[in-house]
Amino acid sequence: MAAIRPITVVSSPGKVLLAGGYLVLDPAFSGVVVSTSARFYTAVRDIVDDAHVHAGRPIEIRIRSPQFVNATWIYFITFDVFGVRVEQAVNDPETWVSSNKFVHLALQCTLALALEAQSAGALQNRLSYGLDITITGDNDFYSQCAQQLAARNLPPTLALLSQLSPFTPTGVRLSDVHKTGLRSSAALITSLISGLLLHLNVKPRDLFVTETEGGRQSASQGRRFAHNLSQYMHGFAHSKVGSGFDVPVAVFGSQLYTRFDPAVLQPLMSEEAMRRTHPPCFRPILPTVSLSNIAWNYCVEPFKLPPLTRLMLAVVDAGSDTPSLMGSTSCYLPRQRRTHPGAATALWDALDTLNQALSRTLLQMSELHARDPATCAKTIKYLSALQSMQVCAEAPAALSRSRLHDPLLASPNMAQAIVEAFCEAHLLSKVRCALHCTELRWRSLIHRRSAGHLRGGPPSESNVCPSSHCVGVYPRLRPRTL
């Protein structure tokens with residue numbers, strides 16, 4: 001009977017940028033980022049078949065993603081004078097699978113870093129049995145789950161979606177899946193890299209233990225190290241350094257995020273470094289991702305959604321491509337600064353002020369709940385029965401008419417504070433929507449101007465979509481009915 005070997009399981013959440021879109025590309029501004037209940041899971045174990053262990057046979061790593069068709073990748077690991085190499089096995093034409101850039105690069109660079117941190121003999125001994133890795137993502141990462149309900153003539157309701165079995169097979173190849181935009185690539189890379197760091201004893205398990213989420217100072221050394229390595233791998237896989245907000249949420253949880261200076265990754269991702277050494281595993285990684293590198297100047301502060309609320313998102317079932325989306329934005333921001341510096345600064349400062357006000361209001365709602373959970377629950381139950389436009393129009397008047405005042409409500413002043421906080425969050429969201437319409441209109445004008453179609457200044461008020469037309473476009477908090 002084959003020996004039972006330990007399994008290392010690591011999970012990382014998806015994430016939603018609640019406020020700070022586009023602005024998070026600039027280190028002068030922060031974004032409000034919320035981790036989701038949907039998570040990616042990586043399970044790492046030694047291959048239990050002892051027949052794989054004999055002299056002369058290359059080390060094998062198998063990676064499976066059972067939610068997709070033909071999603072098994074086999075890699076052979078070899079050591080030479082240059083370091084460690086990860087090569088994908090030749091595919092059987094009858095069961096052809098494409099390469100997986102994210103998985104391949106994560107393996108390559110994590111093993112290269114492990115070789116820097118350990119001796120070659122120690123790493124070879126740890127890999128002697130080979131590795132069997134399974135990667136799965138919760139159903140909410142993929143639009144195909146709703147299609148399965150449609151195939152059964154069932155409506156795509158939350159109740160029916162929750163009844164689907166966990167990690168439901170999508171029935172398609174990985175390249176054909178429609179993602180819902182919860183930043184699955186960052187969650188995948190972070191969970192895979194963290195699982196390998198733990199399973200190969202690059203970092204001991206106790207360095208990953210932390211009692212709180214969201215704050216960099218309270219985060220454990222292991223998590224911060226996994227963050228730095230995952231940031232490099234995520235940027236390398238996308239061929240550019242983005243804002244980086246999705247990786248820290250996968251590591252630390254919901255937060256207020258301010259990006260790091262991309263120059264910290266210059267030694268590994270500059271064009272000169274890429275020409276000098278290839279593949280990336282042949283460049284020293286540890287000095288750049290080490291916790292002693294003070295150039296990692298990102299900032300994360302704890303944040304959470306208020307109790308008894310949930311974030312509602314719309315899925316358009318068209319997939320998403322982060323590099324193409326962020327590529328156009330990264331060109332737009334500097335161009336906007338050059339062409340209209342005063343107007344651009346005023347617009348971004350106004351958006352940032354609203355974003356920070358929204359985050360403070362949501363945190364205040366959490367504090368109110370902590371002070372009086374019973375009154376908060378009763379008040380939110382009442383608010384949940386109102387349409388969004390009625391929250392500010394009718395709820396204060398209802399309080400004055402004592403609709404909420406009864407013997408069960410011991411703190412009418414607390415109820416008033418809760419209603420005011422919800423009204424403020426609602427109004428801030430509407431104003432943010434109007435300003436985002438201004439920005440999006442500006443982006444459209446700049447894009448058309450760059451193509452030679454238009455000339456002129458920034459958009460006027462007449463070019464801005466009325467906020468009433470944008471209700472539902474932006475993520476909204478909706479009180480959960482109790």
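Every heavy atom of this structure was used, including side-chain atoms; hydrogens, water molecules and symmetry mates were not. The model shown is predicted, which means the values in this text are computed figures rather than measured ones.
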Exercise for the section: I would like to know whether Arg85 and Phe76 meet side chain to side chain contact (heavy atoms under 4.5 Å, CB included); could you show each step before the answer? Expected result: CA-CA 8 Å; Arg85 294 179 182 270; Phe76 292 121; over 6 Å; no
pair [X]-[Y]: side-chain heavy atoms closer than 4.5 Å:
X: Tyr298; Y: His227; result: yes
X: Phe29; Y: Tyr257; result: no
X: Val84; Y: Ile77; result: yes
X: Val44; Y: Ile7; result: no
X: Arg223; Y: Phe252; result: yes
X: Val24; Y: Leu17; result: yes
X: Ser184; Y: Phe40; result: yes
X: Val16; Y: Val33; result: no

Practice task
Output yes when Arg64 and Asp132 qualify as a salt bridge under the 4.0 Å nitrogen-oxygen rule, no when they do not.
Solution key: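 Result for this pair is yes, salt bridge flagged.
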Nearest non-hydrogen partners of [X] and [Y], listed with the distance:
X: Ala250; Y: Ala186; answer: CB-O, 4.4 Å
X: Leu18; Y: Leu362; answer: CD2-CD1, 3.8 Å
X: Pro204; Y: Phe208; answer: O-CD1, 3.8 Å
X: Val241; Y: Pro262; answer: CG1-CB, 4.1 Å
X: Asp246; Y: Lys15; answer: O-CE, 2.9 Å
X: Ala237; Y: Lys101; answer: O-NZ, 2.8 Å

Short side-chain donor-acceptor distance under 3.5 Å, [Y] and [X]:
X: His104; Y: Ser99; answer: no
X: Thr134; Y: Arg45; answer: no
X: Ser12; Y: Thr190; answer: no
X: Ser143; Y: His178; answer: no

Hey, does the side chain of [X] reach the backbone of [Y] with a donor-acceptor pair shorter than 3.5 angstrom?
X: Gln255; Y: Pro248; value: yes
X: Gln118; Y: Asn201; value: yes
X: Ser254; Y: Ser35; value: yes
X: Ser119; Y: Ala122; value: yes
X: Glu116; Y: Ile285; value: yes
X: Ser220; Y: Leu207; value: yes
X: Asp80; Y: Gly83; value: yes
X: Asn355; Y: Leu351; value: yes
X: Thr8; Y: Gly195; value: no
X: Arg259; Y: Gly242; value: yes

So how far is it from [X] [atom1] to [Y] [atom2], rounded to the nearest 0.5 Å?
X: Glu60; Y: Arg62; atom1: CD; atom2: CZ; value: 4.5 Å
X: Glu301; Y: Leu363; atom1: CD; atom2: CG; value: 9.5 Å
X: Phe245; Y: Phe260; atom1: CZ; atom2: CZ; value: 12.5 Å
X: Leu174; Y: Asn100; atom1: CG; atom2: CG; value: 6.0 Å
X: Met233; Y: Leu113; atom1: CE; atom2: CG; value: 11.5 Å
X: Leu347; Y: Asp352; atom1: CG; atom2: CG; value: 11.0 Å

Practice task
For Ile63 and Tyr75, run side chain to side chain contact (heavy atoms under 4.5 Å, CB included): C-alpha distance rounded to whole Å, both residues' side-chain angles, the deciding distance at 0.1 Å, then the answer.
Solution key: CA-CA 8 Å; Ile63 297 185; Tyr75 302 91; 4.2 Å; yes
Practice task
Test Thr110 against Leu229 for side chain to side chain contact (heavy atoms under 4.5 Å, CB included), laying out the working first.
Solution key: CA-CA 8 Å; Thr110 306; Leu229 181 58; 4.2 Å; yes
Problem - Over 12 foreign heavy atoms within 6.0 Å of CZ, Arg126 - result: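 Enclosed.
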Handout entry: Lys203 NZ/CZ over Phe225 ring centroid, <6.0 Å and within 45° of normal
Key =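 Because its charged atom sits under 6.0 Å from the ring centre and within 45° of the axis, Lys203 does stack over Phe225.
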Problem - Derivation of the side chain to side chain contact (heavy atoms under 4.5 Å, CB included) call for Phe79 and Gln124 - result: CA-CA 9 Å; Phe79 292 82; Gln124 287 176 311; 3.3 Å; yes
